[in-house]
Amino acid sequence: MPELPEVETTLRGIEPFLTGHTIREIVVRNASLRWAVPPEVHLAAGRRVESCWRRAKYMLVEMAPLRTGRHSQAGGLLIHLGMSGSLRICDAGDAPRKHDHIDIVLENNRCVRFNDPRRFGVFSWWHRPFSDHKLLKNLGPEPLSADFCGRHLWNASRGRKGAVKNFIMDGKIVVGVGNIYASEALFMAGIHPSRQAGRISAVRYQALACAIRDVLSRAIRRGGTTLRDFQDTDGNPGYFAQELLVYERAGLPCFQCQAPVSRKVIGQRSSYFCPRCQR
DNA sequence: AGACAGACCTGTGAGC
DNA sequence: TGCTCACAGGTCTGTC
């Protein structure tokens with residue numbers, strides 16, 4: 001479900017409820033997510049949240065250091081929404097719904113509740129420095145940061161024979177480009193999703209980098225994309241679905257040339273493109 | 001190194 | 001109504 005704009009929307013929703021507040025306890029109703037929820041998550045109990053931020057699609061909730069200064073406990077919660085996860089704000093006493101696996105309960109009785117039907121999500125703990133974490137250390141640049149550009153894509157793609165769509169969805173190359181926005185960005189840049197990554201010019205990668213930036217930042221402004229079930233922390237949908245140009249539009253006319261949009265499975269994922277506009 | 005398939009799960013909608 | 005099948009927004013792991 002969530003790609004980078006949906007994760008960013010979720011983070012902005014929980015941040016004001018968590019930062020500066022003290023966590024009373026972590027309630028784990030079902031620990032079997034993608035990996036078993038480790039006992040370290042309970043290190044959060046009794047501690048104040050110092051800050052919340054995002055790296056790729058991982059949300060990091062950093063705890064204020066303990067007065068004892070025990071370095072081994074410096075760090076915080078690591079949350080990934082997987083394919084179907086969401087967080088919502090509620091009261092600690094509210095009855096849990098189906099698939100409400102974990103609560104972050106605050107001392108003020110508010111609660112950030114993690115729901116994930118498919119349980120592909122992650123709820124874990126990171127130790128300082130966060131960049132040493134196994135899941136975070138091999139990640140490529142953030143697409144909205146200054147070190148992401150067409151030159152970076154061009155350099156990284158030399159000699160690569162796989163499809164460009166798989167290439168831009170590879171988190172070691174650039175993070176946060178999921179299945180929806182990969183199709184959208186390639187359409188905007190006029191590049192066929194099956195084209196070999198190593199056979200695209202620097203100029204075209206420049207256009208692609210701009211398209212990735214553009215589509216992700218517009219989607220964040222709209223609160224993400226709701227196709228089936230994405231909700232922000234208040235239960236509202238995202239409004240970017242109305243602006244999608246090709247995703248889930250197979251058979252409908254291309255907005256640029258009117259030719260029917262095609263669907264093709266690339267890297268085991270549905271891909272949408274205009275066979276006339278994208279080469 | 002990199003390309004690819006398989007794995008993890010539940011829910012939904014289409015077709016019979 | 002109920003069965004089966006295809007498909008769904010992610011990404012790690014193992015094999016070649």
Could you tell me how far apart [X] ([atom1]) and [N] ([atom2]) are, to the nearest whole angstrom?
| X | N | atom1 | atom2 | value |
| --- | --- | --- | --- | --- |
| R228(A) | dT10(B) | CZ | P | 19 Å |
| N166(A) | dC4(B) | CG | P | 7 Å |
| R269(A) | dC4(B) | CZ | C1' | 14 Å |
| H101(A) | dT10(B) | NE2 | C1' | 9 Å |
| Y239(A) | dG9(C) | OH | C1' | 18 Å |
| Q268(A) | dT11(C) | CD | C1' | 11 Å |
| K172(A) | dT13(C) | NZ | P | 11 Å |
| I266(A) | dG9(C) | CD1 | P | 13 Å |

- Is it the case that more than 12 heavy atoms not belonging to R97(A) sit under 6.0 Å from its CZ atom? no
- Task: May I ask you to check whether over 12 heavy atoms, not counting those of R222(A), lie within 6.0 Å of atom CZ?
- Result: no
Given [N], is OP1 or OP2 found less than 4.0 Å from the side-chain N or O atoms of [X]?
| X | N | result |
| --- | --- | --- |
| S270(A) | dA8(C) | yes |
| K161(A) | dA3(B) | no |
| Y58(A) | dC12(C) | yes |
| H99(A) | dT10(B) | no |

Contact class for [X] (heavy atom, under 4.0 Å): base, sugar-phosphate, or nothing?
| X | result |
| --- | --- |
| F240(A) | nothing |
| Y247(A) | sugar-phosphate |
| L135(A) | sugar-phosphate |

- Message: Closest-nucleotide mapping onto DNA chain C: is G178(A) or K134(A) further toward the 5' terminus? I mean the 5' end.
- Response: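 Closest to the 5' end, via its nearest nucleotide, is G178(A).
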Which nucleotide, if any, forms a Watson-Crick or G-U wobble pair with [N], using both distances under 3.5 Å?
| N | answer |
| --- | --- |
| dG10(C) | dC8(B) |
| dG15(B) | dC3(C) |
| dA1(B) | none |

- Task: Classify the side chain of R34(A) and the base of dT11(C) as holding, or not holding, a donor-acceptor pair under 3.5 Å.
- Result: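 By the distance-only test, yes, there is a pair.
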- Query: Has the side chain of R118(A) got a donor or acceptor that lies under 3.5 Å from a partner of the other kind on the base of dA8(C)?
  - Reply: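 When only heavy-atom distances are counted, R118(A) does reach the base of dA8(C) through a donor-acceptor pair under 3.5 Å.
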Could you work out the separation of [N] and [M] based on their [atom1] atoms and round it to a whole Å?
| N | M | atom1 | value |
| --- | --- | --- | --- |
| dG6(B) | dA6(C) | P | 14 Å |
| dG13(B) | dG10(C) | C1' | 22 Å |
| dG11(B) | dC12(C) | C1' | 23 Å |
| dA5(B) | dC7(C) | P | 15 Å |

- Item | Six-ring centre of F255(A), R249(A) cation under 6.0 angstrom, axis tolerance 45° |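 Geometry flag: set, cation within 6.0 Å and 45°.
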- Please confirm whether K137(A) makes a cation-pi placement over W126(A), using NZ or CZ under 6.0 Å from the six-membered ring centre and within 45° of the ring normal. no
- E243(A)/R218(A) under salt bridge (Lys or Arg N to Asp or Glu O under 4.0 Å): CA gap, chis, key distance, verdict: CA-CA 9 Å; E243(A) 297 183 32; R218(A) 281 188 298 122; 3.2 Å; yes
- Message: Just verifying a value: how many Å separate R88(A) CZ and R113(A) CZ, rounded to the nearest 0.5 Å?
- Response: 6.0 Å
- Would F120(A) pass as stacked on dG10(C), i.e. its ring centre under 5.5 Å from the base's six-membered ring centre and planes under 30° apart? yes
- Task: Classify the angle between the aromatic ring planes of W53(A) and F130(A) as parallel (below 30°), tilted (30 to 60°) or perpendicular (above 60°).
- Result: perpendicular
- Query: Of the nucleotides dT13(C), dG10(C), dT10(B), which one has an atom closest to the side chain of R119(A)?
  - Reply: dT10(B)
- Mapping P117(A) and R158(A) to their closest nucleotides on DNA chain B, which lands nearer the 5' end?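 Final value for this comparison: R158(A).
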